[in-house]
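Encoded as structure tokens, the structure appears first; notes follow it.
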Amino acid sequence: MKKILVANRGEIALRIMRSARKMGIKVVAVFSEADRNAPHVRFADEAVCIGPPPSNRSYLLGDKLIEVALSLGAEGIHPGYGFLSENAAFSQKVQDAGLIFIGPDPYAIEIMGNKLAAKDAVKSYDIPMVPGTDTAIANIQEAEDIARKVGLPVLIKAAAGGGGKGMRIVHKEEELGEQMERAVSEAQSAFGDGSVFIEKYIASPRHIEIQVLADAHGNVVHLFERECSIQRRHQKVVEEAPSSILTPEVRADMGQAAVMVAKACRYKGAGTVEFLVDEQLNFYFLEMNTRLQVEHPVTEMITGVDLVEQQIRIAEGELLPFRQEDLHIKGHALELRVYAEDPYDNFHPSIGTLSVYRRPKGEGIRVDDGFDEGMDIPIYYDPMIAKLITYGETRNAAIHRMLEAIEDYHIEGVATTLPFGKFVCEHEAFTSGQFDTHFVQQYFNLEALKESNREEGYYAALLALRLYTENKRRLHVPDVGGSNWKYFR
Ligand code: ADP
Ligand code: ADP
Ligand code: MG
């Protein structure tokens, strides 16, 4: 391909364009009226406004995106994550228009887009699954039977669910009926599909997922795991690779299972197979995300593989350039999602202008963002400002670097989740590796947040003092003679 259209915005649009350009491919940006001055628009070789700010009048207009791609001579469309990335009908339309969809075929998106269809597809491959139903629950009676069989608590989940939404925990049998009714109506309004199913609620799980890459010729490899147990409301907030609890054997088994899942749906491209892992390191298949994942950079840091580049090459029909035995884990990486949300105010969205925006820099620090100083955080989209990624030889080094990077990240004008990141990275449960998906619920509160960020003022003052004295020396040190030193004491 010589030119592609990136059907997304923000950090991910920019990140995709960077890899494409590196490969000598021209990039077309699309943007809504709210993103006219966004970095992804300025970075692109060509940019087209596709409509007003709301997503359903801009970034979700599949036909329009295809029209723009065709009119500018783009040969492929990269959907990024969110928006149309997991829309099977869109990927079909892209193909029907004679363009290349940089992602899996509609068949795989369709199957894996529904958690029940996904379970059904992998059933014959001997992949462990959370105990529960493998078909939609039709009535309360059925729900009660299942709950009794697997034991309470159970989780009612929307088959079409995503983004941590559409889940209800049931602790008592008498709550089952009411919770099920709610789950069905929520699923109907959020996903346009009211089917729900039941899983045993795993009490103390880790969320560990496997990155896979599959080419169009049937070759599939995995790129190890990402630990995503630090979640708020079932949504990931801090991710890392590798996981500190997996043994080489379990890692290999999970990797093998993920490869089988990809084969089960004839997968093509980059995808993620999510698992829950219990305290005995038993793992259970949760779902597959048929797209590039938000937290893909940690995998890139420890494997040295550019996942977007591989997506593009696979879409062009190339063979995978490596076999499983060529891939190795080197070092450790962390990612903090930096949101325009106020951790001191129950993570309330914080809208406004980035009056100060200075990224941390240095070895082992990567910032994937889509903003510049002076820009507004639009209210129409996901409030993520950036992903702060750090790398180190060891887990400790990566954590240490994250703390330094948080300290050096200067954002004013909106509240951010940086202080929350500091809280996590300093917490004993996190640094020791002894945590599960309940970390935030269990340890996070306003007092603890204030406590972990209290010394900030002290350290800032200390740093200012050091810089002040250093600068003063630099400015006043005379060229000749050392006698003037006394003036600086
Ligand atoms: P991850 O962060 O691991 O990539 P998420 O589940 O957090 O996966 O989703 C990433 C992006 O995709 C978010 O913008 C989220 O809102 C969006 N998303 C995920 N699933 C759906 C869905 N079923 N419908 C709409 N958006 C979704
Ligand atoms: P989504 O499509 O919203 O990402 P997932 O099935 O991937 O839904 O689950 C999201 C999160 O919800 C998991 O990472 C985990 O924290 C929690 N979760 C899901 N299923 C279970 C379960 N059976 N037991 C305990 N926690 C679960
Ligand atoms: Mg998930």
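Counting convention: from 1, in listed order, for ligands and their atoms alike.
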So which of Glu335, Glu227, Glu274 actually passes salt bridge (charged side-chain N to carboxylate O under 4.0 Å, His left out) with Lys236?
Glu274
Once you measure the plane-to-plane angle for His438 and Tyr201, does it fall in the parallel (<30°), tilted (30-60°) or perpendicular (>60°) bin?
tilted
With a cut-off of 2.8 Å, does any N, O or S atom of Glu209 fall short of it relative to the Mg ion (ligand 3)?
no
If you take the nearest heavy atom of each of Gly166, Gly164, Ser204, Ala203, which one is closest to atom 3 (O) of ligand 2?
Gly164
Select the closest option to atom 8 (O) of ligand 2 among Gln231, His207, Lys115, judged by heavy-atom distance.
Lys115
Given Leu276, Ile208, Asp436, Thr272, which one has a non-hydrogen atom that is nearest to atom 22 (C) of ligand 2?
Leu276
Enumerate the atoms of ligand 2 whose separation from the nearest heavy atom of Thr437 is less than 4.0 angstrom.
16 (O)
Tyr201: numbered ligand 2 atoms lying under 4.0 Å from its heavy atoms:
24 (N), 25 (C), 26 (N)
Should one rank His234, Glu287, Gln235 by closest heavy-atom distance to atom 4 (O) of ligand 2, which comes out on top?
Glu287
With a 4.5 Å limit on heavy-atom distance, are the side chains of Thr272 and Val212 in contact?
no
Are any of the heavy atoms in Lys157 under 4.0 Å away from ligand 2?
yes
Checking one value in my table: which N/O/S atom of Glu287 lies closest to the Mg ion (ligand 3)?
OE2
Does this structure show an ion pair linking Glu300 with Arg15, if we count only N-O contacts that are shorter than 4.0 Å?
yes
Basic-acidic side-chain contact under 4.0 Å: Arg323, Asp326:
yes
Name of the Glu274 N, O or S atom nearest the Mg ion (ligand 3)?
OE1
Should the pair Phe420 and Phe347 be assigned to parallel (<30°), tilted (30 to 60°) or perpendicular (>60°) ring geometry?
perpendicular
Taking 4.0 angstrom as the limit, do Glu287 and Lys115 come out as a salt bridge?
yes
Of the side chain and backbone of Ile202, name the one, both, or neither that has a heavy atom under 4.0 Å from an atom of ligand 2.
both
Is it true that Lys200 lies under 4.0 Å from ligand 2, counting heavy atoms only?
yes
Any Lys/Arg nitrogen of Glu186 or Arg168 sitting under 4.0 Å from an Asp/Glu carboxylate oxygen of the other?
yes
